[in-house]
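Heads up: the structure comes next, in structure tokens.
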Amino acid sequence: MKHFLDIHQTDASDLRGMIDTAHAMKTARNGRPKGAPDDDQPLQGRMVALIFEKPSTRTRVSFDVGVRQMGGQTMVLSGKEMQLGHGETIADTARVLSRYVDLIMIRTFEEATLLEMAEHASVPVINGLTNRTHPCQIMADVMTYEEHRGPIAGKKVVWCGDGNNVCASFLDAAGQFGFDFTFTGPETLDPEDKFVGFAREKGSRVTIQRDPFTAVEGADLVVTDTWVSMHDPESAKERRHNQLRPYQVNEQLMSRAKPDALFMHCLPAHRDDEATSAVMDGPHSVIFDEAENRLHAQKAIMRWSLGL
Ligand code: CP
Ligand code: NVA
């Protein structure tokens with residue numbers, strides 16, 4: 001079963017293949033209207049369930065549009081409205097859904113929910129974000145970097161702020177795609193050792209640097225994300241804002257990166273908190289290409305999962 005659960009759990013050569021497929025599929029669409037089908041219709045006759053236990057704009061729309069462009073059908077399910085939110089086990093839900101659909105994408109809280117779904121489903125399961133990781137986002141980010149600047153291998157990526165789920169998948173990608181990764185943020189919000197360890201084991205140079213200006217020196221790519229994630233308690237907000245303010249990505253900080261450095265943010269953003277509008281809308285920013293590339297990268301991930 002080819003579940004897409006995390007970047008560290010997927011073969012590096014398969015990941016590379018997905019990025020190449022995504023680029024090729026994007027090119028093949030050649031600017032046609034969003035609702036127009038691809039020439040290739042690998043998902044014809046296939047049904048995909050998209051389960052959301054947390055809010056979403058990009059993941060929800062990009063998966064839905066992607067399936068339809070490839071000839072398949074979707075059903076978007078809210079966790080709360082399913083029996084899953086009213087006491088039915090994840091295992092039973094997985095077994096039942098597997099009788100109706102060909103593929104399951106789930107966005108959830110605990111990683112254990114995703115893993116249990118995958119264990120009991122007899123169709124592939126894709127991770128659409130958990131508290132711990134967000135692999136689809138980082139596949140789109142690698143695709144976006146390479147589209148603008150060529151191979152990401154050997155480049156210096158600097159993450160500013162919270163060592164969260166998106167940061168964790170970036171570390172996974174550092175290991176699998178062979179780039180260097182610097183984290184800059186307060187010690188209490190460091191990424192988990194497990195993700196740092198994986199990237200290092202795979203040969204990526206991972207640096208933890210408390211001073212953001214030193215960290216960003218010579219960066220090829222500067223990345224940030226919201227200071228308060230969907231799973232963080234509202235009560236953490238004020239403290240996080242105080243801790244993270246020195247790590248805001250603004251023009252002064254970006255000026256320490258390479259002149260042709262890119263800026264990424266997975267969105268949704270809190271403008272003028274983690275990044276200023278001047279940076280988000282400035283010459284380094286590729287944030288809307290990242291959002292678009294969710295569509296193309298996930299189409300490639302679904303094809304890989306289904307062996308199509
Ligand atoms: N980046 C991302 O996953 O966005 P959504 O929460 O809107 O899906
Ligand atoms: N770190 C953010 C990412 C949102 C796409 C969150 O989990 O809320």
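Order of listing sets the numbers, starting from 1, for every ligand and every atom in it.
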Do the side chains of R294 and D289 get close enough for a salt bridge, i.e. N-O under 4.0 angstrom?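 Not counted as a salt bridge, because no side-chain N and carboxylate O are separated by less than 4.0 Å.
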
NZ/NE/NH1/NH2 to OD/OE distance under 4.0 Å, D39 and R32: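 Here D39 pairs with R32 in a salt bridge, since their nearest N and O are under 4.0 Å apart.
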
- Might you confirm whether atom CD of Q252 has over 12 heavy atoms from other residues, nucleotides or ligands at distances under 6.0 Å? no

With nothing but distance in play, are any N or O atoms of [X] less than 3.5 Å from an N or O of ligand 2?
X	result
H231	no
S229	yes
M230	yes

Practice task
Please check if any side-chain donor atom of E147 sits under 3.5 Å from a side-chain acceptor atom of N293, or the reverse.
Solution key: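 Yes, because at least one side-chain N or O of E147 sits under 3.5 Å from a partner of the opposite role on N293.
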
Check whether any side-chain heavy atom of F195 lies under 4.5 Å from a side-chain heavy atom of R200, and answer yes or no. no

Considering heavy atoms of the protein only, find what lies nearest to [atom] and give residue, atom and distance to 0.1 Å.
atom	value
atom 2 (C) of ligand 1	R294 NH1, 3.3 Å
atom 7 (O) of ligand 2	N165 ND2, 2.8 Å
atom 3 (C) of ligand 2	D225 OD2, 3.6 Å
atom 6 (O) of ligand 1	R107 NH1, 2.8 Å
atom 7 (O) of ligand 1	T57 N, 2.7 Å
atom 4 (O) of ligand 1	R58 NE, 2.8 Å

Discussion item. Would the distance check show the side chain of S229 and the main-chain N or O of D232 forming a donor-acceptor pair, the cut-off being under 3.5 Å?
Written reply: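 Answer holds: no.
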
Here the pair of heavy atoms bringing A22 nearest to A297 is CB-CA, 3.8 Å

| request: Would you name the heavy atoms of C136 and F63 that are closest together and state the gap between them? | output: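 Smallest interatomic distance, heavy atoms only, reads SG-CZ, 4.0 Å.
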
Under 3.5 Å between any N/O of Q137 and any N/O of ligand 1: does that happen in this structure?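 Yes.
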
task: For atom 1 (N) of ligand 1, state which one of V61, L267, I287 supplies the nearest heavy atom.
output: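 It is L267 whose heavy atom sits nearest to atom 1 (N) of ligand 1.
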
Contacting atoms of ligand 2, where contact means under 4.0 angstrom from a heavy atom of N164 =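 That gives atoms 1 (N) of ligand 2.
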
Mind running ring pair (Phe, Tyr, Trp, His ring centres under 6.0 Å) on H8 and F198 for me, showing each step along the way? CA-CA 8 Å; H8 67 261; F198 173 80; 5.7 Å; yes

Counting from 1 in the order shown, the ligand 1 atoms closer than 4.0 Å to a non-hydrogen atom of C266 are 1 (N)

